[in-house]
Engineer: 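The structure is given below, and queries will be raised subsequently.
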Amino acid sequence: MPRSGLKRFRGLPSICLQVRSLCRGGTVAAFALAAWAACTPLRAAPVITTIAEDSFAYTANAPLPGNNGGTGWSGPWASDSNFFTSFNVGAASLTVPGLTSSGGRIVFRTGGSLLNDSARSLPLQNTGVVFVQFLSQFSTQSGGGTPSIRLFSGSTIAGGAGNNGSCGSPVYAILDSTLQAPIASACSTVPLSTLAAVVLRIDYTANNTRMWVLSSLTGFDYLNPPAPSAEYAGLAPAFNKIAVYTRNPGTLDELKVFRVSESPAAPQPVPVGGLALWGAMAGALALLAARRLHSKR
């Protein structure tokens with residue numbers, strides 16, 4: 001073996017490079033896999049810290065206000081105004097791949113006003129990075145302040161998600177304090193009538209809000225997500241109340257507010273003793289040498 005080849009074996013990273021090279025050969029792959037695994041770090045699952053959540057596990061076909069389930073909230077669901085009818089509780093959950101649903105959901109309550117509303121308070125969120133996530137499906141029209149998931153700071157609307165006649169079409173959008181999406185980047189291309197998982201990422205440090213509107217949460221990486229469906233630079237709404245406003249039809253489920261962080265103890269590469277690693281390497285190299293010798297005959 002050339003001297004340059006020997007130099008590559010003097011440290012563990014060089015060993016890993018040699019093993020990966022050998023594995024590409026195909027014939028010795030089975031023998032080199034164990035050593036390759038020793039050089040492949042595993043990424044720990046992120047830590048999700050729930051601030052507040054509700055799966056709407058309440059009595060079906062009854063009004064939503066007064067219900068106080070879930071965790072992390074500062075009080076029960078209540079009507080958000082004196083002008084509109086509150087939501088009812090639906091019997092079945094909304095579901096998308098990659099998210100476990102339970103309980104019921106909120107549904108439009110017919111026989112009352114043209115709009116439904118309900119709201120719930122939680123501790124003030126105004127630092128770091130906070131996620132707001134929910135499943136929803138609305139009508140094919142927007143306007144009159146709906147459909148919207150509104151984020152309030154005290155009694156003042158700070159922002160939200162949904163639509164209110166913006167974007168030129170009824171699509172999911174990030175809304176500012178006037179319930180409008182005044183910039184093109186705040187508009188997604190996903191129709192409001194789509195059953196979707198909506199993930200809002202509010203970064204108070206960067207003063208930025210991003211939104212993903214997804215048909216599936218399978219494999220979604222909160223720490224390293226793909227390009228967002230919409231983004232609003234310069235908007236990071238602080239909030240201590242979430243209110244939902246919709247026309248008929250309109251439904252929402254699995255409401256959750258949370259933070260995401262790296263695992264405090266990221267795992268190291270799979271531990272393999274030095275002798276075991278060198279043994280795997282020696283076996284792989286021996287087979288490679290024999291194969292090359294045989295090919296020359």
Side-chain angles (χ1 to χ4, degrees), residues 46 93-101 105-108 114-117 129-151 157-204 206-237 239 242-258 260:
S93 296
L94 298 177
T95 60
V96 298
L99 181 67
T100 301
S101 299
R105 56 184 167 131
I106 66 173
V107 296
F108 191 89
L114 292 177
L115 305 181
N116 276 187
D117 70 15
V129 175
V130 173
F131 289 84
V132 180
Q133 178 176 288
F134 53 87
L135 306 182
S136 61
Q137 188 171 25
F138 302 114
S139 67
T140 57
Q141 63 179 350
S142 67
T146 69
S148 56
I149 291 78
R150 306 179 183 183
L151 304 179
I157 298 175
N163 207 314
N164 186 22
S166 299
C167 304
S169 61
V171 295
Y172 284 92
I174 301 171
L175 307 179
D176 64 12
S177 60
T178 67
L179 295 180
Q180 296 295 323
I183 57 176
S185 65
C187 303
S188 78
T189 59
V190 183
L192 292 167
S193 57
T194 303
L195 171 59
V198 178
V199 182
L200 281 171
R201 182 186 184 276
I202 305 173
D203 188 334
Y204 295 105
N207 194 27
N208 177 277
T209 298
R210 294 176 177 176
M211 179 175 70
W212 292 263
V213 186
L214 307 165
S215 60
S216 171
L217 281 173
T218 301
F220 184 76
D221 189 339
Y222 293 95
L223 290 176
N224 296 284
S229 306
E231 183 170 4
Y232 198 140
L235 178 72
F239 66 99
I242 298 177
V244 183
Y245 281 72
T246 77
R247 299 172 183 269
N248 188 23
T251 184
L252 183 141
D253 194 11
E254 301 301 330
L255 177 60
K256 186 172 184 177
V257 182
F258 57 97
V260 181

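Predicted model, so just to flag it, every value in this text is computed and none were measured.
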Engineer: Take Ile202 and Leu151, measure what side-chain contact (heavy atoms from CB on, under 4.5 Å) needs, and give me the verdict at the end.
Structural biologist: CA-CA 11 Å; Ile202 305 173; Leu151 304 179; 3.8 Å; yes
Engineer: I need the minimum non-hydrogen distance between Tyr245 and Gly145, along with the two atoms involved.
Structural biologist: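 Of all heavy-atom pairs spanning Tyr245 and Gly145, the closest is CB-O, 4.2 Å.
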Engineer: Got Leu217 and Val199 here, is their nearest side-chain heavy-atom distance under 4.5 Å?
Structural biologist: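 Yes - at least one pair of side-chain heavy atoms lies under 4.5 Å apart.
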Engineer: Please round to the nearest 0.5 Å and tell me the distance separating atom CG of Leu235 and atom CG of Asn207.
Structural biologist: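 Those atoms lie 7.0 Å apart.
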Engineer: Considering only heavy atoms from C-beta outward, does the side chain of Leu214 approach that of Val96 to under 4.5 Å?
Structural biologist: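 SC-SC contact between Leu214 and Val96 ruled out.
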Engineer: How long is the span from the CE atom in Met211 to the OG atom in Ser185, to the nearest 0.5 Å?
Structural biologist: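 Met211 CE to Ser185 OG: 10.5 Å, rounded to 0.5 Å.
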Engineer: Any chance you could measure Leu99, atom CG, to Ser93, atom OG, to the nearest 0.5 Å?
Structural biologist: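 It is 9.5 Å, given to the nearest 0.5 Å.
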Engineer: Is a side-chain N or O of Ser216 found less than 3.5 angstrom from the main chain of Thr218, in a donor-acceptor match?
Structural biologist: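 Checking the backbone N and O of Thr218 against the side chain of Ser216, a donor-acceptor pair under 3.5 Å is found.
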Engineer: Can you spot which of Cys187, Pro147, Ser188, Cys167 makes a side chain to side chain contact (heavy atoms under 4.5 Å, CB included) with Tyr172?
Structural biologist: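 Single pass found, and it is Ser188.
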Engineer: Which heavy-atom pair separates Ile174 from Thr209 by the least distance, and what is that distance?
Structural biologist: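 For Ile174 versus Thr209, the nearest heavy atoms are CD1-O, 3.5 Å.
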Engineer: Examine distances only and state if a side-chain atom of Ser101 and a backbone atom of Leu94 form a donor-acceptor pair shorter than 3.5 Å.
Structural biologist: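 The answer is yes, because a donor-acceptor pair under 3.5 Å joins these two groups.
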Engineer: If I compare all heavy atoms of Phe134 with all of Ala161, which pair ends up nearest, and what's the gap?
Structural biologist: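 Looking at all heavy atoms of both residues, the closest pair is CZ-CB, 4.5 Å.
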Engineer: I'd like to know if the side chain of Ser166 pairs up with that of Asn164 as donor and acceptor (distance under 3.5 Å, no hydrogens or angles considered).
Structural biologist: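 Absent: no donor and acceptor within the cut-off.
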Engineer: Hey, does the side chain of Ser139 reach the backbone of Gln141 with a donor-acceptor pair shorter than 3.5 angstrom?
Structural biologist: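 Side chain of Ser139 to backbone of Gln141: a pair is present.
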Engineer: Would Thr251 and Arg105 count as having a side-chain donor-acceptor pair, cut-off 3.5 Å?
Structural biologist: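 Side chains of Thr251 and Arg105: pair found under 3.5 Å.
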Engineer: Does Arg247 reach the main-chain N or O of Gly143 with its side chain, forming a donor-acceptor pair under 3.5 Å?
Structural biologist: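 Yes; judged by distance alone, with no hydrogens or angles, the pair exists.
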Engineer: Quick one: does Val257's side chain get under 4.5 Å of Ile242's, heavy atoms only?
Structural biologist: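 They are in contact (side-chain heavy atoms under 4.5 Å apart), so the answer is yes.
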Engineer: Does a side-chain heavy-atom distance below 4.5 Å link Ile106 with Leu255?
Structural biologist: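 No, too far: nothing below the 4.5 Å cut-off.
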Engineer: Can you name the nearest heavy-atom pair linking Tyr232 to Pro182, along with the distance?
Structural biologist: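 Taking every non-hydrogen atom into account, OH-CG, 3.2 Å.
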Engineer: With Leu192 as reference, evaluate Val213, Asn163, Thr146, Val171 under the side chain to side chain contact (heavy atoms under 4.5 Å, CB included) test and give the passing residue.
Structural biologist: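 In the set Val213, Asn163, Thr146, Val171, the residue that makes a side chain to side chain contact (heavy atoms under 4.5 Å, CB included) with Leu192 is Asn163.
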Engineer: If I compare all heavy atoms of Ala181 with all of Ala186, which pair ends up nearest, and what's the gap?
Structural biologist: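 The pair with the smallest heavy-atom distance is CB-CB, 4.0 Å.
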Engineer: Looking at CZ of Arg201 and CG of Asn208, how far apart are the two atoms once the value is rounded to the nearest 0.5 Å?
Structural biologist: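 Reported to 0.5 Å precision, the distance equals 7.5 Å.
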Engineer: If you measure from CH2 on Trp212 to OH on Tyr222, what distance do you get to the nearest 0.5 Å?
Structural biologist: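 These two atoms lie 10.5 Å from each other.
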Engineer: Can you measure from CG (Leu114) to CG (Asn248) and round to the nearest 0.5 angstrom?
Structural biologist: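 If we round to the nearest 0.5 Å, Leu114:CG and Asn248:CG are 9.5 Å apart.
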Engineer: May I ask you to decide if Ser193's main-chain N or O and Gln137's side chain share a donor-acceptor pair within less than 3.5 Å?
Structural biologist: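 Such a contact is found between Gln137 side chain and Ser193 backbone.
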Engineer: Measure across Asp203 and Ala236 and return the closest heavy-atom pair with its distance rounded to 0.1 Å.
Structural biologist: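 Taking every non-hydrogen atom into account, O-CB, 3.6 Å.
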